[in-house]
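Protein chains get the first letters and strands the later ones, always in sequence-line order, with residue 1 at the start of each.
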Amino acid sequence: MRRVSTNVLVIGGGAAGMAAAVGAAERGVKVILVERDDRTGGVLNQCIHNGFGLHFFREELTGPEYAERFQKMLTEHNIDTILRGHVWKPLFDENKVWVITASGIWEISYDALVVTTGARERPFGALMIPGDRPSGVFTAGLAQRFVNIENRLPGKRALILGSGDIGLIMARRLTLEGMEVVAVVERLPYPGGLERNVQQCLVDFDIPLLLSHTVVRVEGYPRLQKVWIAKVDEKFRPIPGTETPYEVDTLILSVGLIPEVELFEGSLDIHPKSRGIKVANTGRTNRNNVFAAGNNVVIYDLVDYVSREGFMAGKHAAMFVENPDITKELKRVPIKTGENVAVLSPYWFEPVEDLRLYLRVSKPMEDVILRVKPSIYEKRYERVAPNEMISLTIKADRVSEETDRIEVEVVTNV
Amino acid sequence: MKVVVIGAGVVGSLVARELVRHDFDVTIVERMPDPGMGVTRANSAIVHAGYDDPPGTLRAELCAMGNSLFQNVCEELGVEFKRTGSLVVAFNDEEKKRLDRLVKQGEKNGVPNLKLVERNELLTMEPHLNPGAVAALFAPTAGITEPWMLAISAVENAIKNGAKFLPETEVIGFETKGGRVRKVITNSNSIEADIVINAAGLFADEIAELAGVEHPPIHPRKGEYILLDKAVGRIVQRVIFPTPSEKSKGVLVLPTVDGGTLLGPNAVDLPREHKNDLRTTVEGINEVREKALLLVPDLPIHKTIRTFAGLRPETPQKDFYITAEMKPWGFINLGGMRSPGLTASPAIARYVVEYLIEEKFGIKLQKNEKFDPVNNRINHPTAGSVEKWDRLIDEDPSWGRIVCACNEVTEAEIREAIKKGARTLDGVKFRTRAMFGRCQGGFCTFRIMKILSEQLGVPIEEVKKSVDGSWVLDGHVRSDNT
């Protein structure tokens, strides 16, 4: 076994991890980044469409271009990157992990750890859809990998379940590559992905978006032949008599992402419902020297947000290395969800850093006030919807020292 | 003497392996690409203690005997078997009385250490159990296993000891002469045979008919299941049954050998022509969920990673249908292998060779001196120590390349599975548990396809999920010429 030590260890080399590594390295500490794939960049590598970087770089990039910017920064900062490395059994109490690689097993000791493991796609099996179990059912990410990285098509005619961004992007992508996409089906009464993607990926290509519908049965053996969809009521129950068959050989699923946190269960606080790791605005978890950022904390709309939070987590990990005593008098103010807030991050506010809030409302609403209580911040929005994440930054000094609880609510403007 | 075994489910596979202990020339014919992909693949994976069936039946006799042989056969074949014990739970006095009857029946069947446990002890043993339970029958000899692996490993071991395995081969007829079976005709060849063993599961009646042999009609009884992620943890320690009904043992909650939790099955009788009907249904999954929640109210159903269905081969008679035919001589039926068929399978293997072949057919058994009972399971380094794993990587770096991150399966394991006979994604999945975890192959399917393509020397478009027609990819995005 090879033993090495580092100031900051980053687990996961996607958007969050690359930014975290850079954020830490910029402060001059030693950083090691572990990535399980053949290259850094994570899912960005297969997102060959553009639309990335408008916030972070103020220009529009493709996924690989966006990743390349960070890959350059990794090189510039001489960050040691372990590729095809799999973290096995993190030993939090000893501040070390084992990393499995083709060159042997590495025991890496760290002063501070940043966990940037991203998310995985919800698989078909989790949906409990009745019917056969044929080949031809793919998650959107796997289909995207087939098409964009490996140059292979998953079939001839596809139906897409779920209107998350990757589902919308894949509808366009498969159409451009010669597959017929018969419909995108969404059980909610509004799309799951960004409005701009609905326009550019579906409307522009005449692909129908069937809202308040879901897949109720799959048929075919050994390969998928037919998918039955039906209208659903407000509780997502299929309405009898509305079943319609679609003859397709491919079903693509874009039905949500699940934070990849199983490695840390029992050691880090995980939100029981969202499954995200609970963090402060510094990225710090319930452990003083462990930080997390990216889609394993909350599922973001934009990679720009992920990079920003990764960067922050890396920076604060480095600050902990510089002065572990900063956690001795660490003040943490809990942040609670108020009315109409379905998703909210971070979980705590540490006054050493500005408060960047990310939230999703629980339903589409018009003319609302977003309020951060007690009397910290207020903003009016003409229109809000769950598919568009709201992001805002509040200066640290706007939160008074006596504040012991922050609450975020979105209410109708009266 | 030439023996053809039709069907490489857990029964056919173990019979074939028992045959090669002796001087038989054995050929195993299987319609699927791998052993254990029919009835064997989708059932509760339980090794029963043996109290369910009335004394005097073959089921009762072979189940109790199979249970006592199970440990040894699994050790030899490198198959997981955990003697977790089982609990049959009663929720009222009426059910409790039935437990008394089960105890008596079990004792007559020779099941050891059966015990009635009262409510308090029961809830200490299984804290997540519905507190409405009043008592339970505890059978410490029951256990859990991985049936497909038992079939796969038994076939691998039979091959190692001289048997031939013909996957993706279907029997379409027989040639009989002089009152004896002479040849088994398949869709691709004809195989000389002195003895034919019909272990064709759901299709055993149809195979018998092809040979002109009587067999009770088989109809499929569907059972649907819900599998929860291993991240749930051990919510139950043992196999939990409700008090059984006439028709079935009911919906169970049980741990799986790799740490998941399995719920099911329901029981729906299907017409004879539905022998390939593995569709799950809304009603079925709801029934399983509701009944499982009655046993264990706080099951986290939202942690489901898969729902699936299996079929049991049912006959009108309430017993296995095991016969050694004299007309044509040499034809053996092993039919109606529903529960406890898996438990009984090691005992059936012996029964066939030592009783039907030796005594009924009067064939003197000649020991195969070179028989090696051991089949090494593919090494799974995450199960061992870090030092051991590190040494493996020194020998071959592919032990250090994780392909399936959820179940921590290395490239070396995938390659080993292909060497041992995997030709498809399912072949790799069932041998290594890659793609079996919480992401269900989202991250690793393509890597595994690449390894299969490379090692089998076929284009990646020809890599299939399982049987012919289960294609995964439909060709290039653009032509290769660009």
Chemist: Where do A:R122 and B:D229 land on the salt bridge (charged side-chain N to carboxylate O under 4.0 Å, His left out) test, with the steps shown first?
Modeler: CA-CA 13 Å; A:R122 179 167 288 123; B:D229 186 15; over 6 Å; no

Chemist: If I measure from the heavy atoms of chain A, does B:E461 come under 4.5 Å with its side chain, its backbone, both, or neither?
Modeler: side chain

Chemist: Can you name the closest pair of heavy atoms from A:N296 and A:G118 and give their distance?
Modeler: CB-O, 3.3 Å

Chemist: Of the backbone (N, CA, C, O) and the side chain (C-beta and beyond), which part of B:L473 lies under 4.5 Å from a heavy atom of chain A, both, or neither?
Modeler: both

Chemist: With only heavy atoms counted, which part of B:K464 is less than 4.5 Å from chain A, the side chain, the backbone, both or neither?
Modeler: neither

Chemist: What part of A:E260 gets within 4.5 angstrom of chain B, counting heavy atoms only: side chain, backbone, both, or neither?
Modeler: side chain

Chemist: Contact part of A:F138 toward chain B, heavy-atom cut-off under 4.5 Å: side chain, backbone, both or neither?
Modeler: side chain

Chemist: Checking A:A119 against chain B: side chain, backbone, both or neither under 4.5 Å from a heavy atom?
Modeler: backbone

Chemist: Below 4.5 Å from any heavy atom of chain A, which atoms of B:L228 appear? Answer side chain, backbone, both or neither.
Modeler: neither

Chemist: Could you look at B:D396 and say if it's the side chain, the backbone, both or neither that has a heavy atom under 4.5 Å from chain A?
Modeler: neither

Chemist: Check whether B:T410 gets within reach of chain A through its side chain, its backbone, both or neither, counting any heavy atom under 4.5 Å.
Modeler: neither

Chemist: With only heavy atoms counted, which part of A:S103 is less than 4.5 Å from chain B, the side chain, the backbone, both or neither?
Modeler: backbone

Chemist: Whether the B:Q455 and B:R415 side chains hold a donor-acceptor pair (N or O, under 3.5 Å, no angle test) is what I'd like checked.
Modeler: yes

Chemist: So for B:R391, is it side chain, backbone, both, or neither that comes closer than 4.5 Å to the heavy atoms of chain A?
Modeler: neither

Chemist: Charged N to carboxylate O below 4.0 Å: is that the case for B:E170 and B:R31?
Modeler: no

Chemist: Pick one of side chain, backbone, both or neither for A:I129, based on which atoms fall under 4.5 Å of a heavy atom in chain B.
Modeler: backbone

Chemist: Taking the six-membered ring of A:F236, is the NZ or CZ of A:R187 close enough (under 6.0 Å from the centre) and on axis enough (within 45°)?
Modeler: yes

Chemist: Whether the A:T250 and A:R223 side chains hold a donor-acceptor pair (N or O, under 3.5 Å, no angle test) is what I'd like checked.
Modeler: yes

Chemist: Can you name the closest pair of heavy atoms from B:P300 and B:I235 and give their distance?
Modeler: CD-CD1, 3.9 Å

Chemist: Out of B:E224, B:R401, B:Q440, return the one with the most heavy atom pairs under 4.5 angstrom to chain A.
Modeler: B:R401

Chemist: Contact part of B:I402 toward chain A, heavy-atom cut-off under 4.5 Å: side chain, backbone, both or neither?
Modeler: both

Chemist: When the ring centroid of B:F436 is compared with that of B:F430, is the distance short of 6.0 Å?
Modeler: yes

Chemist: What part of A:V137 is in contact with chain B, defined as an atom under 4.5 angstrom from a non-hydrogen atom: side chain, backbone, both or neither?
Modeler: neither

Chemist: Between B:I305, B:N276, B:L227, which shows the greatest number of heavy-atom pairs under 4.5 Å with chain A?
Modeler: B:I305

Chemist: Do B:R41 and B:F308 meet the cation-pi criteria used here (NZ or CZ under 6.0 Å from the six-membered ring centre, within 45° of the axis)?
Modeler: no

Chemist: Please report whether the ring centroid of B:W389 lies less than 6.0 Å from that of A:W98.
Modeler: no

Chemist: Against chain A, work out which of B:V472, B:I226, B:D277, B:T281 has the most heavy-atom pairs shorter than 4.5 Å and name it.
Modeler: B:V472

